Amino acid sequence: MSISILQSYRTKYQPRLPRALRKGIRRVAVVTGDVTDSISHQQELRSMFPNTYGQPVLTFKSGKKPKYLQPKNIGVILSGGQAPGGHNVIIGLYDALKQIHPRNQLYGFLGGPSGIVDNRYMLFTDEIIDSYRNTGGFDLIGSGRTKLEKEEQFMKVWANCKELDISGIVIIGGDDSNTNAALLAEWLKSKNAGINVIGCPKTIDGDLKNAQIETSFGFDTATKTYAEMVGNIERDAISAKKYWHFIKLMGRSATHVGLEVALQTHPNITLISEEVEASAMSLNQIVTEMTDIIVTRSQQGKNYGVAVIPEGLIEFIPEMKKLIVNLNDSMALVENSAEYKQATDDQTRFGVILNHLSQTAPDSAQVFNSLPTLIKAQLLLDRDPHGNIQVSKIDTEQLLISMIKERLNALKAEGKYDGKFSGQAHFFGYEGRCAFPSNFDANYCYALGYNACALLQAEQTGYISCIKNLSAPTRKWIAGGTPLTMMMTVEKRHGEFKPVIQKALVDLNGPVFKCLQNNRQKWALEDDYQFPGAIQYFGPDEVVNATTKTLELEKGKMKQRKWYNRLRLFR
Ligand code: FBP
């Protein structure tokens, strides 16, 4: 296969490792920290994970003497949505494994978690690995969203691993996939199977983070890609001066992506789902606030602008959230009824659902009835295997444009508005998930994979590969492992209480949201647009190795500066 010039240069890029891993995998020594607890439901989780609950946090350092390490075969799985850098996790793992012994084998299970259940796999070779270094995408082995939770699935995993003599499995995924990793680790340990399981934090959504995990991989590249695109649209907006662009940005629940892109590009409007929920805003209130900005800008002669809308907004508007919960319950009951199955068109299906909702949840029935046909149909689409509504398929940006248009027409009729409004809807999501990883993601992912191998060599299971201090240069990054149960809570899924890794939503008291809040009014009315441009892979350090604003504000220089300024006040 011929490759692009950029790819041929990128494959030569050698990712940088944290200091503790730089001298090679044989010299990695483990420092054991304190025992841990889950973030909530400690008793329930302790009884659900009797073999892996409460393990200590681990940190790696570089040992003096190289150790002899047992040869082993490892299996790896990519799970959930694509995120830039996934290939480098596999490659870091491969390189570490081959440093231990050239005869060690790395197997890639195909198509996500179902690959290890159905024993579909490929064996990596140097040639295959070398052609995927620093590339985007998950096409090397593919991905999937199969949930691993049943005894019969675990039995098959065990049998398949035995057949290939695999003693370690690395699951690269988001919160749901790392929950899979925790369940599998516990089950295999309960059977003394001699197969350890390590997770790696992946998701462009940026919501797999906590006191231990500073960011998930893919967030850096995806947000930089979207920021480039939003910046380009802003430039188009001030050039043509005739459109309002409504840009929905991917990120299933939390608004980390939207917030980061807003800080990089300064759009006129940025909706934050968590804020909408906290202020219990209705859809009408959101529309009113957006319309106010559009009218004010129009009075200044600006009939254009850019609004950034989070993909998951719909689930955070209290009346819609309630509707989705009630719809899930109604659909579970109605879906298999003869009446629903025999319905040949959407209107009849809506009628059946509406009938049921009117009896069980009349408020939600009213909300459902008020929605445009397109949105009603999208709300009834299948949930994913983890029970999540597929928000990427709901056209929130179109819904807002049509509701704002209606409101502006009403204002026009009352003589309160005489501007022009022409809305353009965009959805940027899939465009960013397979981009060439930025230097940050290339380094971070390679280190995560290499580090996962070090955890397996240390005979650990039920851990997530953890690299910290990410706003510092790579040599100062801290490598180690965080017990998966430490990040867990219990939630209702598909009507049952299940252990899950807690998603991190945007912290409305945190420095990242505060930064938006402090600038919002200015950005709404002035055209303070920023144009970050494309990700750069070659050039000055501050250009090619810049991290996200989110990481900088939460962990890095900006935060240190703030503390330093505070300290100075007390001097
Ligand atoms: P993960 O949580 O698995 O990383 O997936 C993230 C995501 O990209 C979301 O932002 C988006 O809503 C969803 O995947 C889309 O899923 P699909 O690829 O199945 O359309």
Side-chain angles (χ1 to χ4, degrees), residues 77-87 89 111-115 136-139 141-148 171-181 199-210 213 215-226 229 247-261 272-274 308-316 324 378-379 381-397 426-435 437 441 444-445 448 464 487 491 493 500-506 550:
I77 301 167
L78 289 166
S79 180
Q82 283 71 255
H87 289 157
V89 182
S114 63
F138 279 10
D139 45 310
I141 51 173
S143 187
R145 292 195 187 275
T146 303
K147 177 129 190 69
L148 292 181
I171 299 184
I172 304 168
D175 51 333
D176 288 329
S177 313
N178 277 288
T179 303
N180 282 349
C200 281
K202 171 235 69 166
T203 178
I204 62 153
D205 296 359
D207 57 1
L208 177 47
K209 68 173 168 182
N210 46 52
I213 306 294
T215 187
S216 52
F217 80 75
F219 178 74
D220 186 273
T221 311
T223 51
K224 282 176 179 152
T225 307
Y226 301 141
M229 295 165 79
I247 308 172
K248 183 173 77 170
L249 287 181
M250 202 170 241
R252 192 206 311 278
S253 291
T255 318
H256 301 294
V257 172
L259 186 50
E260 171 64 29
V261 171
I272 303 291
S273 303
E274 292 81 346
V308 164
I309 298 146
E311 186 187 54
L313 177 69
I314 209 97
E315 281 193 291
F316 285 77
I324 291 166
Q378 290 169 344
L379 283 173
L381 292 172
D382 285 345
R383 288 5 183 190
D384 80 2
H386 298 272
N388 302 309
I389 187 164
Q390 300 193 51
V391 280
S392 63
K393 294 191 179 147
I394 299 177
D395 292 330
T396 329
E397 67 285 19
H426 312 262
F427 171 35
F428 299 154
Y430 299 98
E431 294 83 347
R433 297 200 311 180
C434 285
D441 272 328
Y444 183 36
C445 290
L448 284 170
I464 189 164
M487 311 183 332
E491 269 178 23
R493 298 270 176 107
V500 292
I501 288 180
Q502 192 168 57
K503 269 189 201 304
L505 298 180
V506 167
T550 305

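On a predicted model such as this, the values are computed, not experimentally measured, just so you know. Start at 1 and go down the list; that is how both ligands and their atoms are numbered.
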Least distance between heavy atoms, P113 atom then G144 atom: CD-O, 3.5 Å
Closest candidate by heavy atom, reference atom 12 (O) of ligand 1, pool K393, K503, K202, E311: E311
Non-hydrogen atom of G174 closer than 4.0 Å to ligand 1: no
Closest protein heavy atom (residue, atom, distance) for atom 20 (O) of ligand 1: Y430 OH, 2.6 Å
Protein residue, atom and distance nearest to atom 2 (O) of ligand 1, heavy-atom basis: R252 NH2, 3.4 Å
Proximal ligand 1 atoms for G80, defined as those under 4.0 Å from one of its heavy atoms: 3 (O)
Residue from T223, V261, L259 passing side-chain contact (heavy atoms from CB on, under 4.5 Å) with L249: V261
T203, D176, D205, I204: member with heavy atom nearest to atom 10 (O) of ligand 1: D205
Whether Y430 and F427 hold their rings parallel, tilted or perpendicular, with breakpoints at 30° and 60°: perpendicular
Sub-4.0 Å heavy-atom approach of R145 to ligand 1: yes
Minimum-distance protein heavy atom relative to atom 7 (C) of ligand 1: R433 NH1, 3.7 Å
Partners meeting side-chain contact (heavy atoms from CB on, under 4.5 Å) with Q502 (sequence neighbours left out): I39, T489
Side-chain heavy atoms of P84 within contact of I204, under 4.5 Å: yes
side-chain hydrogen bond (donor to acceptor under 3.5 Å, both in side chains) assessment of E274 paired with T255: CA-CA 7 Å; E274 292 81 346; T255 318; 2.7 Å; yes
Proximity flag A83 to ligand 1, non-hydrogen atoms under 4.0 Å: no
Those residues that, when tested against T225, pass side-chain contact (heavy atoms from CB on, under 4.5 Å) (two or more places apart): T221, M229, A435, I535
